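Heavy atoms only: backbone and side chains are in, while hydrogens, waters and symmetry mates are out. Reminder, nothing fancy here: chain letters follow the sequence lines and each chain counts from 1. These numbers come from a predicted model, not from an experiment.
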2 protein chains.
Amino acid sequence: MSVNLEVVQEVSDFNGYYTGLVELLNRHISESSISLSALRVLVKVRQEEEITAGKLVETLGIDGGYLSRMLKAFEGNHLVSKRKSTADGRTWFLQLTAKGKKLLESLEEQSNAQIKELLSPLADDQQKGLAAAMKTIRHILSEESQLSTSDITFRRQLLPGDAGYLIYLHGSLFAKEAGFNLAFETSVCKAFYEFLETYNASKDQVFLALHGTQIIGSIVVSAFSRYVVQIRWYLVHPDFRQMGLGKKLLNEALDFCREKGFQKVYLMTTSKQEVATNLFKKTGFRKTGEKQLSMYGQQLFEERYDMDL
Amino acid sequence: MSVNLEVVQEVSDFNGYYTGLVELLNRHISESSISLSALRVLVKVRQEEEITAGKLVETLGIDGGYLSRMLKAFEGNHLVSKRKSTADGRTWFLQLTAKGKKLLESLEEQSNAQIKELLSPLADDQQKGLAAAMKTIRHILSEESQLSTSDITFRRQLLPGDAGYLIYLHGSLFAKEAGFNLAFETSVCKAFYEFLETYNASKDQVFLALHGTQIIGSIVVSAFSRYVVQIRWYLVHPDFRQMGLGKKLLNEALDFCREKGFQKVYLMTTSKQEVATNLFKKTGFRKTGEKQLSMYGQQLFEERYDMDL
DNA sequence: ATACATAGTTGCTTTTATCAAATGTATTTT
DNA sequence: AAAATACATTTGATAAAAGCAACTATGTAT
């Protein structure tokens, strides 16, 4: 994969900037008679069950001899205790003592106090923006993008800005993934306008998946008649796919439809949306119509799917 | 200002995460016979003009004696040179020699190589997302938000997603700042739909201010007739205000109108937009009408401003 | 002129970290 | 089963990094 030079520059700049900040945030450590390496060891020991010295050397990239002395000191201070492995007489399992845990907690409290000081001059939404940006960085860099369910929340309410953001997502994603032009965004815009004008929270229901405060997935149930509903604006942001989010949104929407006593559900899509249509078919939808069109700058089939609830 | 505990948690987590990453990115330094502190000193000396040892002690939180020895070593290696202050015989101004600059550059190159390796498994838009998030963090935390012109770019083209994002910005910002309800976003949505439907790049012109790839300011010139244009969707994101961005966008738009030979320009706004209306007046607009309305969940005056070009 | 403050240096010490050899425990080979 | 080898950890010796306190030299205030 090619690397964008501007990105390298930004990462480098950020690195320089944040290194200074880390220094600031970790300064309290130097005043607490514990070295940064020692702290890393303690944190790792707390984090991992049944960790051995060798494992620490491996994961923390620390010298074995140095670690051995550190651990001896920790034992002397009753911060860490050792338990001999029954399977292998050479190794010892390490764990924090109550005192060790308490020490870590107090250090974290100090660190948090410093963070609070750093944050205090910031307005509330700046703080949230900061947290979201940090979450994004961790998310992108943590190889497996394994934030999964824990960092994703759901919302069933339509708040100001949501409609626009959904139009934005549709416009930009479909342009990128299906090659649709501005005409597509125009039609989404029109449809949203009409939806909003007659929006009725008791009949129409949105289901939004959020990462922080940002929408990353959506599905909307919109009443067509007393017994028929349409499913619209079904979408998951590419960074958050393959996590079962799409299936979850779809199921929630269908559950809602059943709950409300609707009997038929349909949706419109295009032949370009293969992944979605496969999921529709698997869920019980059947293709009930298609029409070849030249629109959105593409040759495509507009398809209709129906299902009895 | 109150501090959100979730934000503190995220900053703390991020800090822990990034400390590990910094470790990784700076590992090459340990192989280059220069300590991290030494590197920080060199970077600071390059960054600052006329820096003194005392200043370094203060800003880097480093011990004076240690620094003194380091500087002596740097002088011995011809990486840094001293120049006696004429005003104060006790102090010396430090600067990098050509050799010092070269060393830093080569270290940065190594660091960049490591960054490239880190980035290489990421898809292009993930890389961009990463850079944007980092930029955001620096922007929020750098007290003066002094990125100003350097990190903000402009675009005059309307790309897919832009319309939706502008609707989103209008919907969310006006809800927050003026208390407008969903009806406002609905009307923006309608207006955008109509605009897009008849969009003609030779008559209608958008001016977008961007931070990374994200829109942070906008103004749109939309032809009303052969001689009359309307200015619409004028907005600057709160994080980027007070930087002259609004004035710049407005002036660019008006210049464009004059260039294209339009003779009259008007715009609609509400009594809630005080900052904007003040700027309009200062630019030469005159209020030509107002109407008290109950809309968007508010009691407000809809105002019209006109100007001859 | 004297006392005090400031900028930077030097001597001494502690802390942090590394390398290599040693110890004791498993595992494999013969 | 004994010897050889591998592995997990410890110990000894040493070096580099960092800190403290006393000191020199220059500047400022009374």
*Determine, stepwise, if the pair H237(B) / H211(B) fulfils ring pair (Phe, Tyr, Trp, His ring centres under 6.0 Å).*
CA-CA 10 Å; H237(B) 191 284; H211(B) 180 231; 9.5 Å; no
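Rounded to whole angstrom, the span from the CG atom of L94(B) across to the C1' atom of dG8(C) amounts to 11 Å. Rounded to whole angstrom, the span from the CD1 atom of I34(A) across to the P atom of dG19(D) amounts to 16 Å. Separating the CG atom of L56(B) from the P atom of dT9(C) is a distance of 11 Å, rounded to the nearest angstrom. Following rounding to the nearest Å, K84(B) (NZ) and dG27(D) (P) show an atom-to-atom distance of 8 Å.
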*In B/S/- notation, 5' to 3', how is nucleotides 3-11 of chain D contacted by protein heavy atoms closer than 4.0 Å?*
----BSSBB
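With respect to the salt-bridge test (charged N to carboxylate O, under 4.0 angstrom), the residues K128(A) and E6(B) do not qualify. Note on R138(A) versus E10(B): salt bridge recorded, some NZ/NE/NH1/NH2 to OD/OE distance being below 4.0 Å.
Residue M70(A) is the one, among M70(A) and G89(A), whose nearest nucleotide of DNA chain C lies closer to the 5' end (criterion: closest heavy atom).
Counting only residues at least two apart or in different chains, side-chain hydrogen bond (donor to acceptor under 3.5 Å, both in side chains) contacts with residues 94-104 of chain B comprise S81(B)-Q95(B).
The side-chain contact (heavy atoms from CB on, under 4.5 Å) with F93(B) is formed by just one residue from the set K82(B), E50(B), K84(B); it is E50(B).
Put simply, CG on L130(A) and CZ on F14(B) are 8.5 Å apart, with the number rounded to the nearest 0.5 Å.
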